[in-house]
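First the proteins, then the strands, lettered A, B, ... as listed; each starts at 1.
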2 protein chains.
Amino acid sequence: MPPDASQPKVHRQVVDQLGRLIVGGSLAPGDALPSEELLAGQLVVSRSALREAMKVLGAKGLIESRQKTGARVRERRFWHQLDADVLGWRFATMPTQAFIAELVEMREIIEPAAAAAAAQKRDRAQLATIAAAYQAMAQAGDRDEWAKADAEFHSAVLNAANNELMSSLFNVIATALHGFFLLSARASDDFKYSLPQHFKVYDAIRKRSAPRARMAMQKMVDDSRRHLQHTGGIA
Amino acid sequence: MPPDASQPKVHRQVVDQLGRLIVGGSLAPGDALPSEELLAGQLVVSRSALREAMKVLGAKGLIESRQKTGARVRERRFWHQLDADVLGWRFATMPTQAFIAELVEMREIIEPAAAAAAAQKRDRAQLATIAAAYQAMAQAGDRDEWAKADAEFHSAVLNAANNELMSSLFNVIATALHGFFLLSARASDDFKYSLPQHFKVYDAIRKRSAPRARMAMQKMVDDSRRHLQHTGGIA
DNA sequence: CAAATCTATTTGTACGACAATATAGTTTTA
DNA sequence: TAAAACTATATTGTCGTACAAATAGATTTG
């Protein structure tokens with residue numbers, strides 16, 4: 001009994017189909033979609049289900065519907081680029097080096113800033129959560145355990161910054177990068193090689209030293225980039 | 001003939017109503033919404049319109065619907081905090097100092113990083129756009145002209161960073177801050193006092209000096225914060 | 001007591017009808 | 001002729017109803 005074996009609902013499937021078409025470029029900004037009646041016929045779904053899907057796409061900034069004129073694909077600058085689905089569709093249709101670079105750049109901006117903020121604003125419980133994640137990393141027996149604890153560590157740091165906007169942003173970025181196994185710089189043999197660097201981040205946050213926390217996280221992020229360049233990236 | 005006098009559609013109104021209730025805390029995470037039939041009756045709308053609204057709220061991470069169980073408010077960590085509507089509802093219901101501080105903090109993280117990236121990646125046309133905005137600032141005759149050109153300048157810098165994720169993020173943050181007139185540090189009498197600082201940003205980007213661009217923007221942002229603290233904030 | 005079955009509730013999908021709106025064309029008017 | 005007012009018409013928006021699908025909870029059964 002797989003935990004998520006429920007077949008996807010129709011409207012969700014339509015959201016995915018149209019989303020991919022738009023983000024993938026098959027439907028360009030300015031293009032008009034077929035009328036709801038027509039499109040529903042083409043996709044073999046009811047107009048009700050189609051409309052629910054269109055509203056969702058509208059909520060993501062991808063399309064705009066107006067009476068008489070119909071629905072049109074909006075310009076890219078209106079797209080909610082930080083929406084998880086939109087990111088996913090970009091991944092599915094254009095996993096280019098440039099796109100990955102954008103994600104990595106965002107990560108490199110957020111994490112050092114978050115570490116600095118965490119050093120200033122973290123409370124005791126949040127520090128404890130970071131410490132627990134660090135312990136789990138130290139005791140990790142294999143790559144999977146390490147990866148899990150590593151993700152928790154970074155998530156805990158973000159949480160300790162006490163800024164929901166920042167957390168939400170990192171959440172999206174990290175999830176997307178996770179899809180490419182690009183979050184942690186995983187050395188082939190010694191997967192724990194970055195443990196000391198993580199300790200420095202933790203220690204700086206513990207001592208409430210924002211500059212040191214920022215620098216330590218910056219170094220970690222730089223290492224990650226160096227590693228990426230070594231392996232030549234993916235796409 | 002006001003440009004946007006069209007009465008808001010029903011499903012949009014429902015999205016707003018429920019969105020405010022949830023973000024405002026009247027409906028807490030974990031709470032169950034009434035069944036669609038009931039809720040439609042309470043709001044005096046058809047089930048169809050209500051469902052379209054619920055799908056939109058689901059797309060924003062606010063609620064989750066399941067058969068038999070009904071719809072429930074999701075935990076805050078799932079909310080799309082960077083969605084323009086969600087930000088708007090937070091504004092409408094909880095314009096607290098803490099929330100504004102989160103927005104300002106995000107801005108302070110993004111803009112210096114964006115200036116640095118722009119210095120490295122901008123092309124000629126993007127530089128020209130920044131220059132044009134700067135010129136408009138220099139020639140601004142009143143506060144409104146200045147504010148408009150100022151917004152264009154910052155937007156142009158973000159655009160020159162050539163990272164759609166960053167642009168999208170800044171767009172949302174800046175729009176929200178604009179709602180509070182908190183984007184630019186507007187001195188009461190000399191509204192052009194930050195012009196030289198803007199020039200430094202432009203000049204560094206022109207000379208492709210990332211460090212100087214970052215520092216110049218950082219200083220601008222710091223000034224803005226200092227000014228905020230002087231005036232004691234708003235909410 | 002555990003497993004299988006049934007039942008009732010709620011969302012999901014489909015269909016049909018009409019209202020509201022905005023475009024494009026048509027007619028009227030100055 | 002040009003501008004203004006009107007009219008047709010395509011398309012989305014809203015409503016209501018019926019039924020399908022899923023699933024939590026009660027019931028039966030071994």
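Counting heavy atoms from C-beta outward, B/Trp146 and B/Leu195 have side chains that approach closer than 4.5 Å.
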Would A/Glu111 and A/Leu158 satisfy side chain to side chain contact (heavy atoms under 4.5 Å, CB included), going step by step from the backbone distance to the final call? CA-CA 7 Å; A/Glu111 286 215 273; A/Leu158 257 291; 4.2 Å; yes

Checking B/Glu52 against B/Lys9 for the salt bridge (charged side-chain N to carboxylate O under 4.0 Å, His left out) test, could you report, in this order, the C-alpha distance in whole Å, the side-chain angles of both residues, the deciding distance, and whether it holds? CA-CA 11 Å; B/Glu52 290 178 4; B/Lys9 312 297 177 199; over 6 Å; no

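Pairs passing the salt bridge (Lys or Arg N to Asp or Glu O under 4.0 Å) check and including a residue from residues 13-31 of chain B, sequence neighbours excluded, read B/Arg12-B/Asp16.
Evaluation of the side-chain hydrogen bond (donor to acceptor under 3.5 Å, both in side chains) rule for A/Lys121 yields B/Glu105 as partners, not counting sequence neighbours. By the side-chain hydrogen bond (donor to acceptor under 3.5 Å, both in side chains) test, B/Arg122 is found to be paired with no residue, residues two or more places apart in sequence or in another chain being considered. In this view, A/Glu152 and A/Lys148 satisfy the side-chain hydrogen bond (donor to acceptor under 3.5 Å, both in side chains) rule, not counting sequence neighbours.
Only B/Val45, B/Ser46, B/Arg47, B/Ser48, B/Ala49, listed by number, bring a heavy atom of residues 43-57 of chain B to less than 4.0 angstrom from any atom of DNA chain D.
Remark: P of D/dC15 and NZ of B/Lys9 are 12 Å apart, rounded to the nearest angstrom. Going from atom CD of A/Glu64 over to atom C1' of C/dA22 covers 14 Å, rounded to whole Å. When the P atom of C/dG12 is taken as reference, atom CG of B/Leu39 falls 14 Å away, rounded to whole Å.
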Per-nucleotide protein contact string for nucleotides 4-10 of chain C (B base, S sugar-phosphate only, - none; heavy atom under 4.0 Å): ----BBB

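With B/Asn162 contributing its side chain and B/Ala160 its backbone, the two residues share a donor-acceptor pair below 3.5 Å.
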